[in-house]
Amino acid sequence: MKLPESFYLNSDVVHLSRSLIGKYLFTCIDGVTTGGYIVETEAYNGIIDRASHSFGNKITPRTKTMFMQGGIAYVYLCYGIHEMFNVVTSVEGQPHAILIRAIQPTDGLDEMLYRRNMIKLKPNITSGPGSVAKALGISRNINAVSLQSDVLWIEDRGLSFTDDEIAAVPRVGVDYAGDDALLPYRFYVKGNPYVSKPNK
DNA sequence: GTACGGATGCCCT
DNA sequence: GGGCATCCGTACG
């Protein structure tokens, strides 16, 4: 069952980021469904978070998606190469987002292999935010698309992890964020092979 | 108009 | 473990 819109309206983005671990993320593009369950996330806590694009209430053509009501996708380009998929959360005007950094693939393996130009299944197929987006066929043309749509959605299939099984550590690649770079806003399933590189 | 740097991943050693 | 591709978004003038 799809997570309802109300799930995304919670104003505690760090809690939600933890909650998304074990949820199933799917896309359906050209009739092909691909997806798996989320094993790594990062929370970006709105205008007070130096690591967030929306820090300082910065509204630009790119970041305006983050200011919309929760329950939609925020997709942007990083390093000129990689598309990044985020879940926008909280109410309109509060620009919270959760970066999906890794999933364990379960559905549409062949299509994901094709999109990643891979012959054989290896953990790096969906390890790291750029890889997740590419494997799922996510690009900027689904920016601001609703997670209630039939293109992109998240399901709860009853899979859950205990706090002992989940690590909470500082985020990756946000050294520019000063003290905020130290916040334990990155969550991942300990020992899961699909978790992206810095997994110690 | 132009300059600068980034929420990375891949390939090589 | 390190170098580097690659180009948009943003700020500033």
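Everything numeric in this text was worked out from a predicted model, so none of it was measured.
No donor-acceptor pair under 3.5 Å is formed between the side chain of A:Glu111 and the backbone N or O of A:Val32. Without hydrogens or angle criteria, A:Lys190 side chain to A:Asp164 main chain gives a donor-acceptor distance under 3.5 Å. Remark: the backbone N or O of A:Val75 is paired with a side-chain donor or acceptor of A:Asn143 at under 3.5 angstrom. Checking side-chain atoms of A:Arg101 against main-chain N and O of A:Arg186 turns up no donor-acceptor pair under 3.5 Å.
Residue contacts shown for A:Leu77 are limited to sugar-phosphate atoms, with no base heavy atom under 4.0 Å away. Using a 4.0 Å heavy-atom distance criterion, A:Met66 is classed as a base contact.
Rounded to the nearest 0.5 angstrom, A:His15 NE2 and A:Leu20 CG are separated by 9.5 Å.
Residue pairs meeting the side chain to side chain donor-acceptor pair (under 3.5 Å) criterion with at least one member in residues 20-30 of chain A, sequence neighbours excluded, are A:Thr27-A:Thr34.
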Pair A:Ser90-A:Ser11, side chain to side chain donor-acceptor pair (under 3.5 Å): steps then yes or no: CA-CA 5 Å; A:Ser90 195; A:Ser11 63; 5.3 Å; no
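At whole-Å resolution of the value, CZ in A:Arg171 and C1' in B:dT8 are 16 Å apart. We find that CG of A:Leu99 is positioned 14 Å from C1' of B:dG9, with the value rounded to whole Å. When rounded to the nearest whole Å, the span between CG of A:Asp180 and C1' of B:dA7 equals 13 Å. Taking atom CG on A:Asn45 and atom P on B:dA7, their separation rounds to 17 Å, with Å as the unit. One atom, CD1 of A:Ile100, and another, P of B:dT8, lie 14 Å apart when rounded to the nearest Å. The CZ atom of A:Phe187 sits 16 Å away from the C1' atom of B:dA7 (whole-angstrom rounding). In this structure, A:Arg140 atom CZ and C:dC7 atom P are separated by 11 Å, rounded to whole Å. Between A:Glu83 atom CD and C:dG9 atom C1' the separation is 13 Å, expressed in whole Å.
The side chain of A:Pro129 lies closest to B:dT8, out of B:dT8, B:dG6, C:dG9.
A:Tyr76 carries A:Arg62 over the face of its six-membered ring, with the cationic atom under 6.0 Å from the centre and within 45° of the normal.
Judged by centroid separation below 5.5 Å and plane tilt below 30°, A:Tyr176 does not stack onto the base of B:dG6.
Relative orientation of the A:Phe161 and A:Tyr37 rings is tilted, given thresholds of 30° and 60° on the angle between their planes.
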Each nucleotide N or O in nucleotides 10-13 of chain B that has a protein N or O under 3.5 Å away: list the pair and distance.
unit_1: B:dC10; atom_1: OP1; unit_2: A:Arg116; atom_2: NH1; d: 2.9
unit_1: B:dC10; atom_1: OP1; unit_2: A:Arg116; atom_2: NH2; d: 3.0

For nucleotides 10-13 of chain C, list the nitrogen or oxygen atoms of the protein found under 3.5 Å from its nitrogen or oxygen atoms, one pair per line.
unit_1: C:dT10; atom_1: OP1; unit_2: A:Thr60; atom_2: OG1; d: 2.5
unit_1: C:dT10; atom_1: OP1; unit_2: A:Arg62; atom_2: NE; d: 3.0
unit_1: C:dT10; atom_1: OP2; unit_2: A:Thr60; atom_2: OG1; d: 3.1
unit_1: C:dT10; atom_1: OP2; unit_2: A:Arg62; atom_2: N; d: 3.4

Below 3.5 Å between N/O atoms, which protein atoms pair up with nucleotides 1-6 of chain C? Just atom names and distances, please.
unit_1: C:dT6; atom_1: O2; unit_2: A:Tyr79; atom_2: O; d: 2.9

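There is no side-chain donor-acceptor pair under 3.5 Å between A:Tyr185 and A:Glu42. For the residue pair A:Ser139 and A:Asn141, a side-chain donor N or O sits within less than 3.5 Å of a side-chain acceptor on the partner.
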In a table with atom names and distances, give each donor-acceptor pair under 3.5 Å that connects a side chain of residues 166-180 of chain A to protein atoms at least two apart or in another chain.
unit_1: A:Arg171; atom_1: NH1; unit_2: A:Ala43; atom_2: O; d: 2.9
unit_1: A:Arg171; atom_1: NH1; unit_2: A:Asp49; atom_2: OD2; d: 2.7
unit_1: A:Arg171; atom_1: NH2; unit_2: A:Asp49; atom_2: OD1; d: 3.1
unit_1: A:Arg171; atom_1: NH2; unit_2: A:Asp180; atom_2: O; d: 3.0
unit_1: A:Tyr176; atom_1: OH; unit_2: A:Ala51; atom_2: O; d: 3.2
unit_1: A:Asp180; atom_1: OD2; unit_2: A:Arg50; atom_2: N; d: 2.8

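Note: A:His96 and A:Tyr44 fail the aromatic proximity criterion, with ring centroids not under 6.0 Å apart.
For DNA chain B, runs of at least 3 consecutive pairs of the Watson-Crick or G-U wobble type, with both hydrogen-bonding distances under 3.5 angstrom, map to B:1-6 with C:7-12, B:8-12 with C:1-5.
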